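Every chain is numbered from 1 and lettered A, B, ... according to where its sequence line falls, protein lines coming before strand lines. Just so we're clear, the structure is a prediction, and the values are computed from it rather than from any experiment. Below, each value reflects all heavy atoms present in this structure, side chains not excepted, and no hydrogens, waters or symmetry copies.
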There are 2 protein chains.
Amino acid sequence: MASRRHEIVQIAARLFAECGFGATTIRVIADEAHILSGSIYHHFDTKDEILHEVIRDAVTFLRDSTTQISKSECDAERKLVALIRLSLDVHARDHQAYSILYNERRLLRQRDGFEYVAQAKGDMYRAWQAVLQDGVAAGLFKPNLDLFLTISTINRMLNTCADWFHHDRIYEHRIGPFSLDKVVAFNLDFILGAIRHPKRISQPIPRQDSA
Amino acid sequence: MASRRHEIVQIAARLFAECGFGATTIRVIADEAHILSGSIYHHFDTKDEILHEVIRDAVTFLRDSTTQISKSECDAERKLVALIRLSLDVHARDHQAYSILYNERRLLRQRDGFEYVAQAKGDMYRAWQAVLQDGVAAGLFKPNLDLFLTISTINRMLNTCADWFHHDRIYEHRIGPFSLDKVVAFNLDFILGAIRHPKRISQPIPRQDSA
DNA sequence: GTCTATACCTTGATAGAC
DNA sequence: GTCTATCAAGGTATAGAC
């Protein structure tokens, strides 16, 4: 069956996320699967094929969920809240794949065969853009918001936050534990504080996921 | 003289920043310096020694400037503005070194001989913490601010923003040019919007550097 | 499906001539 | 200060026995 193959994919996902794709060798993956390096090539043709298997479903899921939220029926602020929650939730669902998608973004942008990643990122950018544009037009967000800088900043914030929460935290000794709920709440406060229309700054934040 | 040595350091800085430390080979550095790979070892004992030379001054400068701002005589909000501006300015001063310091943070945290980097980051964290604590106590910032999450978030924001501005931008084709001033102004608006006390949300932001 | 064995390449680093 | 020449280690990938 494909079960052994999937086992190898999971081992590779962990190693790619922890050490990076370039720094993870076929031999180490094989070691952790308790087989020899040559045997990996019975399951996969190349190292790249393993990377595809690690990230492909994650890319599709995030793109589909993002566009679905942007096309839902609620107001722009609830959509934004749902998008922020989604960004942090998917990392909880499969933090290794999403961590790799962010940290290997340069590689994924240039490597032959990975064009679908850039394509999906383009789709997601346009979904965020539509949501923010709506919110500005409806007077929910600051009127003079630079959409590109805002989307770029929020995405970098959420990606690096999730990466810290699910990975870097191991190395941080000076801090106590944070729950995912607390981290989500912090990011909602921070981001909405930054982009809400000044007149709405003290309104309660819609905490429910709307998707 | 040490001039040839410095030339090699500059070439290495560019390559480490663009391709990563691990992906940059001694041979490529030598190629760009128009010498053979073996000749590099007349100037440096190891590849690590080149990395030290690339980052050491940048670490010292940022740590000293950060602690200096935190100990200056103005109010906490002006200090925070100065710290934000400093973070973005140092990348303009030597974006390669600061980009490496952020992107190779895992390596720098674990590698023998690089303990001074973690030491400086600890000093800087404590400086930021003192500034935010002051601001909360003085009623300038939100009273219930989680200091660790706030500092961590702002630092990730500024580091990834500067990295995007000075490097990733090359690959972004859909956007027009942004000036550094515009990016600084955006980040000041975003961060102060997120952490200011609600009653002060419409006050003008002190734009002058106070250091 | 895994092992043995290995081809072929690139890596960081070294020794000694010039 | 650079070159020639090279080493030992480790990288991806392959072929064929079991």
Side-chain angles (χ1 to χ4, degrees), chain A residues 1-56 96 100 103-104 106-108 110-114 117, chain B residues 1-56 96-97 100 103-104 106-114 117:
Chain A
M1 278 312 227
S3 160
R4 194 91 181 91
R5 180 182 166 97
H6 187 243
E7 221 174 304
I8 294 169
V9 168
Q10 285 187 304
I11 290 165
R14 180 167 47 78
L15 291 166
F16 291 165
E18 275 175 22
C19 316
F21 178 73
T24 302
T25 70
I26 293 288
R27 285 194 234 269
V28 173
I29 297 172
D31 280 357
E32 307 237 338
H34 304 294
I35 55 177
L36 294 195
S37 66
S39 305
I40 292 284
Y41 292 92
H42 172 76
H43 302 277
F44 304 92
D45 284 344
T46 64
K47 193 182 168 188
D48 278 20
E49 191 186 329
I50 307 179
L51 181 56
H52 280 295
E53 201 92 348
V54 167
I55 61 171
R56 184 167 313 181
Q96 291 156 346
I100 293 161
N103 290 314
E104 305 289 345
R106 288 183 195 171
L107 180 132
L108 293 170
Q110 295 176 316
R111 200 115 164 165
D112 283 353
F114 289 90
V117 176
Chain B
M1 277 314 227
S3 160
R4 192 91 183 89
R5 180 181 166 99
H6 187 245
E7 222 174 303
I8 294 169
V9 168
Q10 286 188 301
I11 291 165
R14 179 167 46 78
L15 291 167
F16 291 165
E18 276 174 22
C19 316
F21 178 73
T24 301
T25 69
I26 293 288
R27 282 177 169 80
V28 173
I29 298 172
D31 280 358
E32 306 236 340
H34 304 293
I35 55 177
L36 293 194
S37 65
S39 306
I40 293 284
Y41 291 92
H42 172 75
H43 302 278
F44 304 91
D45 285 344
T46 64
K47 195 182 169 188
D48 278 20
E49 192 186 328
I50 306 178
L51 181 56
H52 280 296
E53 201 92 348
V54 166
I55 62 171
R56 188 171 320 217
Q96 290 157 346
I100 293 162
N103 291 314
E104 306 289 346
R106 289 183 196 171
L107 180 133
L108 293 170
R109 194 161 36 200
Q110 295 177 316
R111 201 116 165 163
D112 283 352
F114 288 90
V117 176

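- Straight-line distance from the CZ atom of B:Arg4 to the C1' atom of D:dC3: 14 Å, rounded to whole Å.
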Each nucleotide of nucleotides 11-18 of chain D classed B (base within 4.0 Å of a protein heavy atom), S (only sugar-phosphate) or -, in 5' to 3' order, makes BBBB----

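- Look at CD1 on B:Ile35: it is 13 Å from P on D:dT4, rounded to the nearest Å.
- For the pair B:His34 and D:dT2, the criterion of a side-chain N or O lying under 4.0 Å from OP1 or OP2 is not met.
- Judged purely by atom type and a 3.5 angstrom limit, A:Arg27 has no side-chain atom pairing as donor or acceptor with the backbone of A:Ser37.
- For B:Arg56, the side chain to side chain donor-acceptor pair (under 3.5 Å) criterion is met by no residue, not counting sequence neighbours.
- At whole-Å resolution of the value, CG in B:Leu36 and P in D:dT4 are 6 Å apart.
- Distance B:Ile29 CD1 to C:dT10 P: 17 Å, rounded to the nearest Å.
- For residues 8-17 of chain B, the salt bridge (Lys or Arg N to Asp or Glu O under 4.0 Å) pairs, not counting sequence neighbours, are B:Arg14-B:Glu32.
- Ring geometry for A:His52 versus A:Phe114: interplanar angle under 30°, hence parallel rather than tilted (30 to 60°).
- Considering all non-hydrogen atoms of both residues, B:Glu18 and A:Arg106 come closest at O-NH1, 3.1 Å.
- In this structure, the NE2 atom of B:His42 is 15 Å from the P atom of C:dT14, given to the nearest Å.
- Between the CG atom of A:Leu51 and the CG atom of A:Leu108 there is a distance of 6.0 Å, given to the nearest 0.5 Å.
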